[in-house]
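Take a look at the structure below.
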Amino acid sequence: MNGGGRHIGATALWTAAAYWLIPPLLCLVLYKRGLTAWFQADDFAWLGLRLQVHDQGSLLHALFAPMAQGTIRPWSERAFFLALESIFGVNALPFRICVFLTQCANLTLLSAITRRLTGSRTAGLCAAILWLVNNSQAWPMVWTSDYNQILCGFFLMSAFWCLLRYIETRQRRYYLWQWVLFLLGFGALEINVVYPALAALYTFLCARNYFRMTLPFFLPSAVFTVVDRLVAPVQHGGPYAFHIDAAIPATLLSYCYRALVPRQVDQIKGGLDVVLACLFGAALVGFAVMRLRQKDWLPLFCLGWFFIVLAPVLPLRDHISTYYLVLPAIGLAILAGYALASATYAWKAAGLILAAVYVLIMVSADRIEVNWWQHRSIAIRNMVLGVARAHQLHPNETILLDGVDADLFRAGVYHHPFSVMGVQEVYLTPGSASQIGPLDVAVEDFELPSGLTVNGLNRDQIVIYRVGGTRLKAITSVYENTVAQKLNTDPPRRIDIANPLTAYLLGPEWYAPEEGFRWMPLRATLRIGGPRTHTDRLYLDGFGPPNEIRFNLDGKLLSQIVLKKGDSPFHVSLSLPNQLVGKKQIEIAIEVGDTFRVNGDGRDLSLAFRLIEIR
């Protein structure tokens, strides 16, 4: 008897272990390539925060100042990147491990929550698996900046689990922990504001006696929403502009479709997307209706979870993204797990078939997504680390990259990853914009103009590397003997005054470059490419004390302005004479009325310029 009892106990232990371990192990198997992914896109902005931290004040600013559309996410972005980068540098593996561990905690929480809601272990296991394979998980499991979705999921589900435990035990500690986790969630993602609505909906439907205790949670959410709207810049256009209009139903329908069928379905089995979406949707809604007829309100709560958590992103009609479904899909996963566990024998067979089809399609789509992101991140790593090595070999030369494609540009070069490695002067070779193709950003701004390129090569100020493969390939000599001979040598229309490559365009009056600018004395000159159209204007960015400024173009007075106190830094825009259109180069002379001196500096200073441009 004792032996049989021990055998039963061991079996129960193994069963329990398998129950909790299967989802994390499946996560590791399915998204293992996400562990080897490197940084890309927005990651470089957060890695660059380290360069802004010099003392306690700058640290607090880096952690809590509104950034990126006014967001304030100290835990999931600021502290996360600052802490791990300070310890591990640009080794991405610790970042990825942290993401995976948090996701494993989320899977455990989802299993525990579903089991308590449904009373079924099977439902808990199914919910965790169905949520894990949903295609919305692919981005955060391979892209580190999307950690905010994973961490917010942890806070949302942890707080909700504490609510369930409080209802079960009436122990006040669970109620207090619910408050702690809820408030911490605001530091992960703005979607955390919906938690009071989730708690209120659940208690109203399934635990009415506890409904009133959820109402105080609405106050922090209301305060956070007001503050968030005040600090966030108003977006009148672009992907993050809010549109409260007739497009919301179409946006909602699009998200419902994406929650059930991955966008890569055409790469897997073309033509089945609408049929599959209707089948999966009908199965979930049909089960919910059947249970509602039996006065079971849990399915209504699951559907409510989906729509409540999704609601804040519905006004973003121009930014429909799959990763916005990570948190709403929790409700659908609980509903599907409940359906599979509670269906009768005949319906269970149909449900298992649908679930198997869903899992197979989602897993195939997840692999496509993760492999693509991981492959791109490795290409970016090879480029960025290659540039860092090239800078070690050529510390005084400007680096030009040739062969950058659209993916490398959009997720790498555009986000200035080289500054994270301490390398500032990196450009694309002339003509790269035409090779990359049309994008929604000005690729030309990242090119080095042909005139600067030819002059820099002649003065041995430039080295050129071709991107591709595991290492950058030095092609300076080849480029100089072939491509460079065909380049236009006219002066560029954009002059970064402090750039050493533009020094040959400046008159001898200018002082040596400092941190992004140059001072001028009483008068200074420069050469610049002429306007191309009648609408082009002359733009000048700089700073300095009150002064009178005269601008002469090709020896003729263009304009005279007066800088007053409070006008610094200044951004001057001047119209140009029509007769200058088409000229390959013009000479600009800048004259001021007065100079000054700084103690310990014998120079006569007047104004400092950063950028002079005709566009």
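- Across Leu110 and Ala127, no two heavy atoms sit closer than the pair CD2-O, 3.6 Å.
- Judged by a 6.0 Å distance limit and a 45° cone about the ring axis, Arg78 is not positioned over the six-membered ring of Phe80.
- Residues Trp372 and Val142 fail the side-chain proximity criterion, which asks for heavy atoms closer than 4.5 Å.
- With a 6.0 Å radius and a threshold of 12 heavy atoms from other residues, nucleotides or ligands, Arg532 has its CZ atom at or below the threshold.
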request  = Decide salt bridge (charged side-chain N to carboxylate O under 4.0 Å, His left out) for Arg33 and Asp366; before the verdict, give the C-alpha distance in whole Å, the side-chain angles of both, and the deciding distance to 0.1 Å.
outcome  = CA-CA 11 Å; Arg33 295 200 69 174; Asp366 293 339; over 6 Å; no
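- Phe39 and Phe44 have perpendicular rings, their planes meeting at more than 60° on a 0 to 90° scale where under 30° would count as parallel.
- The only option from Val309, Leu303, Ile308 that meets the side chain to side chain contact (heavy atoms under 4.5 Å, CB included) definition with Trp305 turns out to be Val309.
- Looking at every heavy atom in both residues, Asp296 comes nearest to Leu292 through O-CD2, 3.4 Å.
- Side chains of Gln374 and Asn371: no donor on one and acceptor on the other come within 3.5 Å.
- Note on ring orientation: taking the six-membered ring where Trp is involved, the planes of Phe95 and Phe81 are tilted (angle from 30° to 60°).
- Counting heavy atoms from C-beta on, the side chains of Arg258 and Asn135 never come closer than 4.5 Å.
- In the model, Glu369 has a side-chain atom that pairs as donor or acceptor with a side-chain atom of Trp139 under 3.5 Å.
- Heavy atoms only, all atoms of each residue included: Leu130 and Ala336 are closest at CD1-CB, 3.5 Å.
- For Phe224 and Tyr195, the distance between ring centers is not under 6.0 angstrom.
- In the model, Asn148 has a side-chain atom that pairs as donor or acceptor with a side-chain atom of Glu77 under 3.5 Å.
- In this structure, Phe306 has its ring center no closer than 6.0 Å to that of Tyr255.
- Looking only at atom types and distance, the side chain of Thr533 has a donor-acceptor partner in the side chain of Asp536 under 3.5 Å away.
- Nearest heavy atoms, Ala62 versus Met67: O-CE, 3.8 Å.
- The shortest non-hydrogen separation linking Trp177 to Cys162 is CB-SG, 3.9 Å.
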